Amino acid sequence: MPGGDPERAQHDPESPELSIDDIIHNRETLRRVTSLGSSSIYPLAEFPDRSWLEDASAVENFYSILTSMYALVLIVFAIVIELSQKFTPEEWLAETMFYTYMYGVGITFLIYFYLFVIHPAWYNRLVKLAAVKGWINTYKDRLIMLPCHSGEGAGSLYLRLGTLFFGSIGIVLFGLEIFMCLSNHSSCFVYQLTNLAIAGVFTFVQMHFLFCNSKIAITGNKNLAKLGTMHLFAVNIWTWLRFVLAKHNAKSSKGDESDDKVFAALVTFDHDNINPNLTVTVDASALHNLGKVTSFNYFGDFTSFLLTCIIEFSVVGAAIMFVLWRSIDRTPKCSSGKKKSTKVRIDCSSSSGGLFAGVLFLICSFVSIGIYSYFWQLADSKGATLVFRLADMALFCFALIGCCLGLYRMRLLQYAQIHSTNAEFLDELLLFIGLLGELIHCSTGILCWISTQRDEDRMETYMLFVLATRIVQVVLQSVFILLATRLRAISEYATHNKPGKQFVTFLLLANVSLFFFHTLEGMKSVFGDAMFSQKTKPYTLLISAVAPLTVFYRFHSSVCLAEIWKHTYSVKRLFTSNTSVVSFGDSGDEIRHYCHCTPPSRRRMGAGSQP
């Protein structure tokens, strides 16, 4: 090549004397200049001389795009249907067909998954029998590979136990709705019972799938698996929207007086006091096509609790399905179809103080709930709200102190560069969803407080401090959880003293207590009479929509804290991979741990044994 250094031109694709034909001829690199002026270098082997339709990775990406667009269309269509309920007839055929399609296709995919992915042995036997009979020539290429359960997983044990809890309670709602439909023969139709039964069956089957197959590695028809998981993702998002609007409509259609009567009648078991003319139309948006007679007529707050559980189950289900869809292309192939038996070892050392502090926190929260119920039965809504909010303030302050002290103590731990698994990504995603609900809830409450200060029924001043303290607590706790998931007790001092474990234990039980506390908050109006004024009425939909997310935030925070309590102070997992883990000792010197090194409990890992 004239006028240039051949050796330099060979290694410098940006040389002006080097043509693109020479680059392709050298078979080294291909440089693509983007419209922003930056460039990216790719090996030429990634760009063979063939169409993208012949590239398996490109086709898989194309199917991923199609399935995501399919889910987007379903979600948008569901939003339009649910928000247009007030302008459509009660027995709307389009809504009924959509209801049946969403749950029916979801059940069909789950059945396919069980028959042809998880348990394909029956199909393989039929194929072998057909080959023996001479009906087919070869059968080996028709066999379905048995799945393995050694994937990264999409949910920890505690999260899967939560799906079992929320799903089981949510199915009770469908059972009550079926009973209420059958009890009113004049307005009960076959399609209503069919749709309710399909919804209950879908919830049960999906609950079993999420609980038992969290670590399954999909090795079969991945494109069909992508379509199914995206459909299930859309179904869960739609279910969440339906029941959020259902809960809001039920709450907004009940006045304070009728709500007090229902609550007092349920507590005293004096059913003669219940107003027989009280009718609540649940599901002008969610169960609209299932008739006006609902379980809210007779079960009141219990039905509100059931709705909260089915909403939280839908949030978890949607997140897990999204993570599964996201990891299908990256799932490694495996040859073993047997589930691995796992042993759970729990180290309860350095946690007794936090345990008893958390139990005391739990006792105080239940006592405050009892006092609140006492004032509520006396129809003293202001006294009940005052008790609830003062207890709320005290509990948040103690939890905030626990977060601050926990962060201070955990400064003695080491940061480990650990590969983020699907389960950790799912935990972080769900934590952000719950945090978003908490921030919307508190921000809406502050706006309500500001808008009612000139009214006679204005919100009290102390509620502003409660909401501000709550925002600080949830933000700091989220930072604590996200940071602690990356910390490990690697140094000799940290493995022996386990700094911060007492506070992790306390926060775990504190969030369990606040889970019950916020469940009551979602069942009752704890913002006082001011929430029923005309100025605050537009905010009630936001509060109803995010109330289940505030409950879910406490539940999932306890899940994340349980994972921190289990893994942060156990470094066994750091020495089971083939990649090195970089951490820092007490002296600040960088230490690189490899899989063949001795656990830190047996040798000195830092320069100093004291912090």
Side-chain angles (χ1 to χ4, degrees), residues 75 78-79 82-83 166 236-252 285-286 304 307-316 318-319 322 385 388-389 392-393 395-396 399-400 403 427-452 459 463-482 511 514-515 517-528 530-533 535-558 560:
I75 293 173
I79 293 174
E82 300 304 329
L83 296 181
F166 293 129
N236 283 285
I237 294 295
W238 170 60
T239 303
W240 169 80
L241 176 64
R242 291 174 56 239
F243 287 108
V244 162
L245 295 177
K247 190 174 183 179
H248 168 70
N249 291 337
K251 290 291 183 181
S252 61
S285 50
S304 179
L307 282 172
T308 300
C309 290
I310 196 66
I311 290 171
E312 296 182 10
F313 176 77
S314 301
V315 171
V316 177
F322 175 76
T385 304
F388 188 92
R389 283 309 182 188
D392 215 12
M393 182 72 172
L395 296 178
F396 283 132
L400 182 60
C403 291
D427 285 338
E428 293 175 358
L429 175 63
L430 292 175
L431 184 68
F432 277 114
I433 292 175
L435 177 62
L436 181 64
E438 280 279 3
L439 295 178
I440 294 176
H441 178 87
C442 296
S443 302
T444 305
I446 292 175
L447 291 177
C448 290
W449 182 87
I450 295 174
S451 62
T452 59
M459 296 174 64
M463 297 190 70
L464 179 64
F465 292 98
V466 173
L467 294 171
T469 305
R470 183 169 179 171
I471 290 178
V472 175
Q473 197 277 325
V474 296
V475 170
L476 188 60
Q477 179 175 281
S478 301
V479 172
F480 175 85
I481 292 174
L482 294 174
N511 278 273
L514 290 172
F515 166 78
F517 210 75
H518 291 336
T519 299
L520 175 66
E521 184 180 52
M523 295 165 59
K524 298 294 181 182
S525 176
V526 293
F527 283 95
M531 285 304 298
F532 297 98
S533 64
K535 291 183 178 180
T536 60
K537 197 172 183 180
Y539 299 111
T540 56
L541 178 59
L542 268 178
I543 292 177
S544 300
V546 301
L549 294 181
T550 61
V551 180
F552 178 76
Y553 175 79
R554 294 301 169 181
F555 161 75
H556 192 66
S557 294
S558 63
C560 295

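Note that the coordinates shown come from a computational prediction; the quantities given were computed from them, not determined experimentally. Below, each value reflects all heavy atoms present in this structure, side chains not excepted, and no hydrogens, waters or symmetry copies.
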Checklist entry - For Phe555, does its backbone N or O pair with a side-chain atom of Ser558 as donor and acceptor, under 3.5 Å? => result yes
Checklist entry - Could you walk me through whether Phe432 and Leu482 pass the side-chain contact (heavy atoms from CB on, under 4.5 Å) check? => result CA-CA 10 Å; Phe432 277 114; Leu482 294 174; 3.8 Å; yes
Checklist entry - Should Gln473 and Glu438 be marked as a side-chain contact (heavy atoms from CB on, under 4.5 Å) after you check the CA-CA gap, both sets of side-chain angles, and the distance that decides it? => result CA-CA 10 Å; Gln473 197 277 325; Glu438 280 279 3; over 6 Å; no
Next on the checklist: If you compare all heavy atoms of Cys560 against all heavy atoms of Asp427, which two are closest, and at what distance to 0.1 Å?
Outcome noted: SG-CB, 4.1 Å
Next on the checklist: To the closest 0.5 Å, what do you measure between OG1 (Thr308) and CZ (Phe166)?
Outcome noted: 9.5 Å
Item to check | Pairwise distance CD1(Ile440) to CD1(Ile543) - rounded to 0.5 angstrom | outcome: 11.5 Å
Checklist entry - For the residue pair Ala78 and Leu241, what are the closest heavy atoms and their distance? => result O-CD2, 4.3 Å
Item to check | Any Thr519 side-chain heavy atom under 4.5 Å of Phe515 side chain | outcome: yes
Checklist entry - How many angstroms lie between CG in Leu439 and CZ in Arg470, if you round to the nearest 0.5 Å? => result 10.0 Å
Checklist entry - Could you state the interatomic distance from CE (Met393) to CE (Met463), rounded to the nearest 0.5 Å? => result 12.0 Å
Next on the checklist: With a 4.5 Å cut-off on side-chain heavy atoms, are Val472 and Phe396 touching?
Outcome noted: no
Checklist entry - Do you know which two heavy atoms are closest between His518 and Asp392, and how far apart they sit? => result CE1-OD1, 4.1 Å
Item to check | Inter-residue atom distance Thr469.OG1 - Leu395.CG, 0.5 Å rounding | outcome: 12.0 Å
Checklist entry - What's the spacing between Thr444 OG1 and Leu542 CG if we round to 0.5 Å? => result 4.5 Å
Checklist entry - Taking side chain as C-beta onward, heavy atoms only, is Ile446 less than 4.5 Å from Ile471? => result yes
Checklist entry - Is there side-chain contact between Tyr553 and Leu431, with at least one heavy-atom pair below 4.5 Å? => result yes
Checklist outcome for this item: Nearest heavy-atom approach of Ser314 to Thr239 is OG-CG2, 3.2 Å
Checklist entry - Hey, are the side chains of Arg242 and Ile311 touching, using non-hydrogen atoms and a 4.5 Å cut-off? => result no
Checklist entry - What do the steps show when you test Asn511 against Gln477 for side-chain contact (heavy atoms from CB on, under 4.5 Å), and what is the final call? => result CA-CA 10 Å; Asn511 278 273; Gln477 179 175 281; 2.9 Å; yes
Item to check | Residue pair Leu467 / Gly445: nearest heavy atoms and the distance that separates them | outcome: CD1-C, 3.4 Å
Item to check | CA sep, side-chain torsions, deciding dist, call: Val316, Phe552, side-chain contact (heavy atoms from CB on, under 4.5 Å) | outcome: CA-CA 9 Å; Val316 177; Phe552 178 76; 3.2 Å; yes
Item to check | Closest contact, heavy atoms only, Cys403 versus Leu476 | outcome: CB-CD2, 4.0 Å
Item to check | pair Ile450-Leu464: side-chain heavy atoms closer than 4.5 Å | outcome: no
